[in-house]
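Dropping the structure in here first, questions after.
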Amino acid sequence: MSAPNSAGLSAGFNAAPLDAAPFDAAPFSPAENAAMQAALAAAAQGPRGANPLVGAVVVGTDGTLLATGYHRGAGTAHAEADAIAQAKAAGLDLRGATIVVTLEPCNHCGRTGPCAQAIIEAGITDVVYAVDDPHDPAAGGALTLRAAGVRVRSGLAADAALDLNRRWFDAVATKRPFVTLHIAQTLDSRIAASDGTSQWISSPESLADNHALRGRIDAILVGTQTVLIDNPRLTARNADGEADGKQPLRAVMGYRGIPDDAAVHGADGNVLHLATRDPREALDQLFASGVRHLMVEGGSRILSAFLAGGLVDELIVYLAPTLLGSGTAALEGLGITTLADAQQWEWDPASGGAVQVLGRDLRLHLRPATPATPDATSTSSDTTPHRTGADTAAGGN
Ligand SMILES: NC(=O)c1ccc[n+]([C@@H]2O[C@H](COP(=O)([O-])OP(=O)(O)OC[C@H]3O[C@@H](n4cnc5c(N)ncnc54)[C@H](OP(=O)(O)O)[C@@H]3O)[C@@H](O)[C@H]2O)c1
């Protein structure tokens with residue numbers, strides 16, 4: 001994948017095409033600015049996952065914010081439709097109104113119908129949105145709106161809107177899931193003891209943090225060996241051990257089949273066997289299944305394969321103050337034999353900080369190091385774990 005944000009974004013779409021057409025360049029009013037802030041706040045209430053977080057606010061001709069909507073997940077009304085429905089339910093006439101949206105209104109007939117058409121039918125005459133929709137089937141809403149005589153402007157609060165969905169934007173632009181790699185390890189980098197036991201290396205606080213993350217991703221992946229040894233459920237669970245509402249797809253990678261009685265099947269059967277050892281092939285299959293954010297949990301050979309392939313966008317390491325001295329190393333060979341080829345990562349201050357204390361553990365949050373400006377005198381090879389540099393933006397899904 002490209003960088004977790006900036007490279008993928010620049011390749012995929014235009015964040016602020018204010019010079020695209022003269023009538024697009026009109027300044028944004030104070031009411032539109034206020035509406036965009038409200039739309040961003042509303043968007044953040046949506047569930048993280050395969051769909052982007054989107055918010056929308058309808059603004060009356062006198063600048064009053066009339067209705068706010070947001071997207072509540074796959075199969076539910078889009079933010080624009082939600083806001084329009086609320087305004088209509090309140091008996092408001094939307095003719096001549098403005099709608100302010102954090103993402104370009106869609107143009108596709110998915111499960112919920114095109115938002116561009118809903119806007120036109122409501123009699124809304126002005127659309128302000130933050131960033132273009134890079135998703136091929138959905139893109140084109142602005143063109144449809146303009147063709148119908150609606151004034152369309154974009155680029156308002158574009159940075160904040162990109163930040164809100166940075167992992168989703170990157171996945172869509174590069175056509176592979178954003179990959180978070182999770183390692184729960186001892187101080188001496190072991191993820192299991194020599195007898196195979198690994199539950200639990202981490203503190204209860206780290207486990208709770210991991211389960212919260214599971215509730216925000218689309219899929220979780222482990223190797224066949226981990227399924228055979230640990231028999232994990234791979235569900236997102238709360239402090240009482242109960243399964244949360246939103247569960248990730250459970251993916252198992254490797255040639256061997258999943259035993260019929262494996263816990264990973266769960267009651268819902270929301271499990272996918274990826275009969276491959278090629279991480280790229282696994283990511284292709286997962287992307288085709290709608291996965292935009294994947295968490296790779298292990299074990300050692302799986303973690304190593306994704307890292308060696310330069311396919312990791314974010315590292316979360318739970319470091320327990322525990323020593324084993326032997327057992328399964330977190331990583332086993334990345335094909336690196338000399339220091340000049342070492343993968344370089346940097347601390348990521350986003351989402352709670354680069355280093356957090358969780359019970360007795362430290363939670364380390366890292367991103368691929370931004371490549372240094374090429375030095376004409378340098379002879380060393382590229383040491384970044386990514387094809388391109390890393391994003392420095394905070395937040396995101
Ligand atoms: N502390 C933690 O965070 C954590 C998390 C998970 C697991 N673990 C521990 O990790 C240990 C298991 O690690 P592990 O390395 O032995 O097994 P693993 O990484 O879970 O699975 C390895 C298996 O996956 C398949 N595979 C798929 N792609 C592969 C690739 N590119 N390269 C190599 N193998 C690939 C192979 O089986 P096929 O023959 O089926 O292809 C291989 O035997 C367990 O003790 C478990 O408790 C710890």
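Counting starts at 1 for both ligands and their atoms, in listed order. Computation of the quantities below employed the complete heavy-atom set of this structure, encompassing side-chain atoms and omitting hydrogens, waters and symmetry-equivalent molecules.
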Practice prompt. Specify side chain, backbone, both or neither for Asp230, according to which of its non-hydrogen atoms lie closer than 4.0 Å to ligand 1.
Written response: side chain

Worksheet item: If you measure from OG on Ser202 to CG on Asn210, what distance do you get to the nearest 0.5 Å?
Response: 7.5 Å

Fill in: Numbered atoms and elements of ligand 1 in range of Gly196, under 4.0 angstrom, heavy atoms
45 (O), 47 (O)

Response to the item:
For atom 16 (O) of ligand 1, the closest protein heavy atom turns out to be Arg301 NH2, 2.9 Å

Practice prompt. Identify the protein heavy atom lying closest to atom 18 (P) of ligand 1, giving its residue, its atom name and the separation to 0.1 Å.
Written response: Gly299 N, 3.5 Å

Practice prompt. Note the single closest protein heavy atom to atom 9 (C) of ligand 1, along with its residue, its atom name and the distance in Å.
Written response: Ile191 CD1, 3.9 Å

Practice prompt. Tell me which protein heavy atom sits closest to atom 12 (C) of ligand 1, plus the residue, atom name and distance to 0.1 Å.
Written response: Thr226 OG1, 3.6 Å

Practice prompt. Return a yes/no value for Ile183: is any of its N or O atoms, backbone included, closer than 3.5 angstrom to an N or O of ligand 1?
Written response: no

Worksheet entry | Gap between atom CD1 of Ile191 and atom OH of Tyr318 - 0.5 Å precision | 15.0 Å

Worksheet item: Closer than 4.0 angstrom: is that true for some heavy atom of His182 and an atom of ligand 1?
Response: yes

Fill in: Where Leu311 and Pro279 come nearest, the two heavy atoms and their spacing
CD1-CB, 3.7 Å

Discussion item. Distance under 4.0 Å to a non-hydrogen atom of Tyr255: what atoms of ligand 1 satisfy this?
Written reply: 38 (P), 40 (O), 41 (O)

Item to complete: Salt-bridge test for Arg151 and Asp126: reply yes if a basic N is under 4.0 Å from a carboxylate O, no otherwise.
Response: yes

Worksheet item: Where does Ser300 meet ligand 1, judged by heavy-atom distances below 4.0 Å: at the side chain, the backbone, both, or neither?
Response: both

Worksheet item: Between Arg277, Arg190, Glu297, Arg256, which one has a non-hydrogen atom sitting closest to atom 43 (O) of ligand 1?
Response: Arg256

Fill in: Residue pair Asp195 / Thr197, side-chain donor-acceptor N/O under 3.5 Å
yes

Worksheet item: Can you find a side-chain donor-acceptor pair between Arg214 and Gln247 that sits under 3.5 Å?
Response: no

Worksheet item: Any nitrogen or oxygen of Ala192, main chain or side chain, under 3.5 Å from a nitrogen or oxygen of ligand 1?
Response: no

Discussion item. Does any N or O of ligand 1 fall below 3.5 Å from an N or O anywhere on Ala184, backbone included?
Written reply: yes

Practice prompt. Can you measure from CD1 (Ile201) to CD1 (Ile183) and round to the nearest 0.5 angstrom?
Written response: 11.0 Å

Worksheet item: Below 3.5 angstrom, do we get any N/O pair linking Ala305 and ligand 1?
Response: no

Practice prompt. Report yes if some N/O of Ser198 lies less than 3.5 Å from some N/O of ligand 1; otherwise report no.
Written response: yes

Response to the item:
atom 21 (O) of ligand 1 has as its nearest protein heavy atom Gln225 CB, 3.2 Å

Item to complete: Check whether any side-chain heavy atom of Leu319 lies under 4.5 Å from a side-chain heavy atom of Leu364, and answer yes or no.
Response: yes

Fill in: Candidates Arg166, Arg167, Arg176, His293 - the one meeting side chain to side chain donor-acceptor pair (under 3.5 Å) with Asp313
Arg176

Item to complete: Counting heavy atoms only, name the option from Thr224, Ile229, Leu228, Val296 that's nearest to atom 44 (C) of ligand 1.
Response: Ile229

Worksheet item: Could Arg153 and Glu32 be called an ion pair, given the rule that one side-chain N must be under 4.0 Å from one carboxylate O?
Response: yes

Discussion item. Do Arg292 and Phe287 form a cation-pi contact, if we require the NZ or CZ to be under 6.0 Å from the six-membered ring centre and within 45 degrees of the ring's axis?
Written reply: yes

